[in-house]
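Worksheet: one structure, shown below.
The figures here come from the full heavy-atom set of this structure, side chains too, leaving out hydrogens, waters and symmetry mates.
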Amino acid sequence: MGIIEKIKEIEAEMARTQKNKATEYHLGQLKAKIAKLRTQLLEPPKGSSGGGDGFEVTKYGHGRVALIGFPSVGKSTLLTLLTGTHSEAASYEFTTLTCIPGIIHYNDTKIQLLDLPGIIEGASEGKGRGRQVIAVSKSSDIVLMVLDASKSEGHRQILTRELEAVGLRLNKRPPQIYFKKKKTGGISFNSTIPLTHVDEKLCYQILHEYKIHNAEVLFREDATVDDLIDVIEGNRKYMKCIYVYNKIDVIGIDDVDKLARQPNSIVISCNLKLNLDRLLAKMWEEMGLVRVYTKPQGQQPDFTDPVVLSVDRGGCTVEDFCNHIHRSLVKDVKYVLVWGLSARHYPQHCGLSHVLQDEDVVQIVKKKEKEDGGRGRFKSHSTAPARISDREKKAPLKT
């Protein structure tokens with residue numbers, strides 16, 4: 001029996017099992033088995049060289065955004081409108097067969113936008129090159145899930161389910177669970193708050209399913225069984241996702257208003273070019289990019305080419321800013337002068353741990369090189385030669 005058949009058999013057993021207090025331990029074990037099998041499904045087959053037929057493209061710019069959706073929802077048209085890069089668009093499905101990159105120039109930054117082929121139900125099991133599409137989306141900073149506003153809401157749930165099956169968690173934060181394997185000592189289970197979904201017995205059973213008999217587990221929040229399994233697996237990716245509803249020009253205004261009020265959702269029309277500016281603004285807000293401008297000493301700030309930082313790519317402190325310019329710059333910094341939203345007064349003397357905000361201006365003051373042996377009359381050594389015979393003899397005076 002293959003892995004996919006095993007997964008379907010366990011899912012069928014979970015569907016048959018009633019959910020109550022008596023069966024929660026059994027359901028927890030089944031969830032752990034499914035998570036293990038899905039991890040095996042994502043691993044490359046043994047004996048393979050590892051060179052797959054994916055379509056990963058080189059990272060470029062200050063951020064990366066992936067377009068994911070069913071075929072013929074308007075992904076290629078959206079890429080053409082936002083970036084100017086031509087992507088083939090037609091009235092039949094699967095027009096785009098590979099990954100097509102484009103660059104959005106927005107707020108003095110360059111954002112890479114990837115148009116991926118449409119994915120179908122069962123993509124997590126490898127149908128329709130689904131695994132390659134999802135692998136590329138894992139390497140992006142944010143996902144734009146493009147949906148057809150005229151279709152049912154079930155499309156969004158299917159896509160979310162397919163992405164969660166391969167370890168992508170959309171608009172979620174990592175659970176506050178501390179987990180560490182040990183060599184001896186058994187399983188230590190603790191929690192800082194009362195737990196309603198998981199108890200010690202269920203935690204033991206899930207860890208035994210993974211053949212873990214010595215570990216330390218600490219719950220800092222009321223997490224679920226799925227959260228515990230995610231922490232044990234350790235290969236989950238937590239990403240932000242914006243749900244983009246296209247083709248709003250073919251539905252009524254009441255439906256548009258209902259879709260627009262959903263969290264993390266934007267309604268657009270590529271045909272009539274409606275609300276594209278709001279989509280770019282929402283994308284910029286979710287990516288959390290921070291532009292920092294440099295100011296040379298005694299000169300005006302350079303507002304043409306900012307240094308772009310983000311929390312997901314390194315961090316937004318002064319130290320991260322210095323590392324972005326050059327790795328060896330940090331040890332030469334004495335202090336920095338900051339103008340902008342993060343400063344209490346202008347200019348503010350800051351250290352390396354100061355967190356910068358968007359459109360701050362930074363001037364770096366370096367340490368001065370110390371002269372060996374003191375300065376002026378406190379010099380410990382002379383520049384004259386050590387021996388009298390080595391002194392340069394003056395020419396005799398002419399008489």
Side-chain angles (χ1 to χ4, degrees), residues 1-46 121-126 130-131 134-135 138 157-239:
M1 187 186 291
I3 295 175
I4 296 171
E5 287 79 14
K6 286 180 183 176
I7 291 173
K8 286 182 177 174
E9 187 180 323
I10 295 172
E11 283 177 343
E13 187 180 345
M14 287 176 68
R16 290 194 304 268
T17 308
Q18 290 183 347
K19 291 180 176 64
N20 54 47
K21 201 74 178 171
T23 60
E24 65 178 6
Y25 301 114
H26 179 58
L27 286 170
Q29 278 186 306
L30 293 180
K31 284 179 180 178
K33 282 181 181 175
I34 284 185
K36 275 178 67 180
L37 290 170
R38 282 189 174 141
T39 305
Q40 290 175 23
L41 196 63
L42 293 175
E43 290 173 355
K46 289 181 181 177
E121 194 169 359
S124 58
E125 298 165 6
R131 277 195 216 163
I134 294 168
K138 267 189 173 183
Q157 294 165 1
I158 291 168
L159 283 172
T160 305
R161 193 165 60 244
E162 292 296 329
L163 293 174
E164 289 200 341
V166 293
L168 272 176
R169 300 290 178 264
L170 303 179
N171 296 325
K172 291 181 181 176
R173 58 178 181 79
Q176 296 292 308
I177 301 173
Y178 172 76
F179 172 74
K180 185 181 179 182
K181 290 183 185 178
K182 296 189 295 186
K183 290 184 179 178
T184 56
I187 295 172
S188 169
F189 179 88
N190 290 296
S191 64
T192 57
I193 56 166
L195 301 178
T196 58
H197 305 289
V198 181
D199 60 4
E200 195 169 350
K201 182 183 174 184
L202 181 57
C203 179
Y204 279 27
Q205 285 188 344
I206 291 170
L207 288 171
H208 287 174
E209 189 65 42
Y210 280 93
K211 295 182 173 60
I212 298 171
H213 305 290
N214 300 291
E216 194 176 338
V217 183
L218 172 63
F219 283 76
R220 294 193 178 96
E221 66 177 7
D222 188 14
T224 61
V225 178
D226 296 317
D227 292 334
L228 177 61
I229 292 169
D230 287 349
V231 171
I232 295 169
E233 285 282 349
N235 59 355
R236 305 300 190 232
K237 181 89 187 283
Y238 296 86
M239 298 184 69

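- In terms of the side-chain hydrogen bond (donor to acceptor under 3.5 Å, both in side chains) criterion, Asp226 has no residue partners (sequence neighbours excluded).
- Summarising the geometry, atom CG belonging to Asp227 is positioned 10.5 Å from atom CZ belonging to Arg236; distances are rounded to the nearest 0.5 Å.
- For the residue pair Gln29 / Tyr25, no side-chain donor-acceptor distance below 3.5 Å is found, with atom types taken as modelled.
- Within 6.0 Å of NZ in Lys36 there are more than 12 heavy atoms belonging to other residues, nucleotides or ligands.
- Other residues, nucleotides and ligands place no more than 12 heavy atoms under 6.0 Å from the NZ atom of Lys181.
- Here the shortest heavy-atom pairing between His197 and Ala223 reads CB-O, 3.5 Å.
- Put simply, CZ on Arg220 and OH on Tyr178 are 8.5 Å apart, with the number rounded to the nearest 0.5 Å.
- Scanning all heavy atoms of the two residues, the minimum distance from Ile10 to Ile34 falls at CG2-CG1, 3.4 Å.
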For this session: Evaluate the criterion side chain to side chain contact (heavy atoms under 4.5 Å, CB included) for residue pair Lys172 and Glu164; output intermediate values, then yes/no.
Result: CA-CA 11 Å; Lys172 291 181 181 176; Glu164 289 200 341; 3.3 Å; yes
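- Between Lys31 and Val225, the closest heavy-atom pair is CD-CG1, 4.4 Å.
- To the nearest 0.5 Å, atom CD1 of residue Ile232 and atom CD1 of residue Ile177 are 8.5 Å apart.
- Here the CD atom belonging to Glu5 is positioned 11.0 Å from the CG atom belonging to Leu37, to the nearest 0.5 angstrom.
- To the nearest 0.5 Å, atoms CG (Leu202) and CG (Leu207) are separated by 9.5 Å.
- Closest approach of Lys183 to Asn214, counting heavy atoms only: O-ND2, 3.3 Å.
- In terms of heavy-atom proximity, Leu195 sits nearest to Asp222 at CA-OD1, 3.6 Å.
- Although no hydrogens or angles enter the test, the distance criterion places no donor-acceptor pair under 3.5 Å between the side chain of Arg169 and the main chain of Met239.
- A salt bridge links Arg173 to Glu221: at least one charged side-chain nitrogen sits closer than 4.0 Å to a carboxylate oxygen.
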Exercise. Phe219 and Leu228: side chain to side chain contact (heavy atoms under 4.5 Å, CB included), yes or no, with the steps?
Worked result: CA-CA 9 Å; Phe219 283 76; Leu228 177 61; 3.9 Å; yes
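- Counting heavy atoms from C-beta outward, Glu13 and His26 have side chains that approach closer than 4.5 Å.
- In this structure the side chain of Arg161 reaches within 4.5 angstrom of the side chain of Ile158, judged on heavy atoms.
- In this structure, CG in Leu168 is found 12.0 Å from CG in Leu159, a value given to the nearest 0.5 Å.
- A donor-acceptor contact shorter than 3.5 Å is absent between the side chain of Tyr204 and the backbone of Phe189.
- Residue Gly28 comes nearest to Ile229 through the heavy atom pair O-CD1, 4.3 Å, listed as atom of the first residue, atom of the second, then distance.
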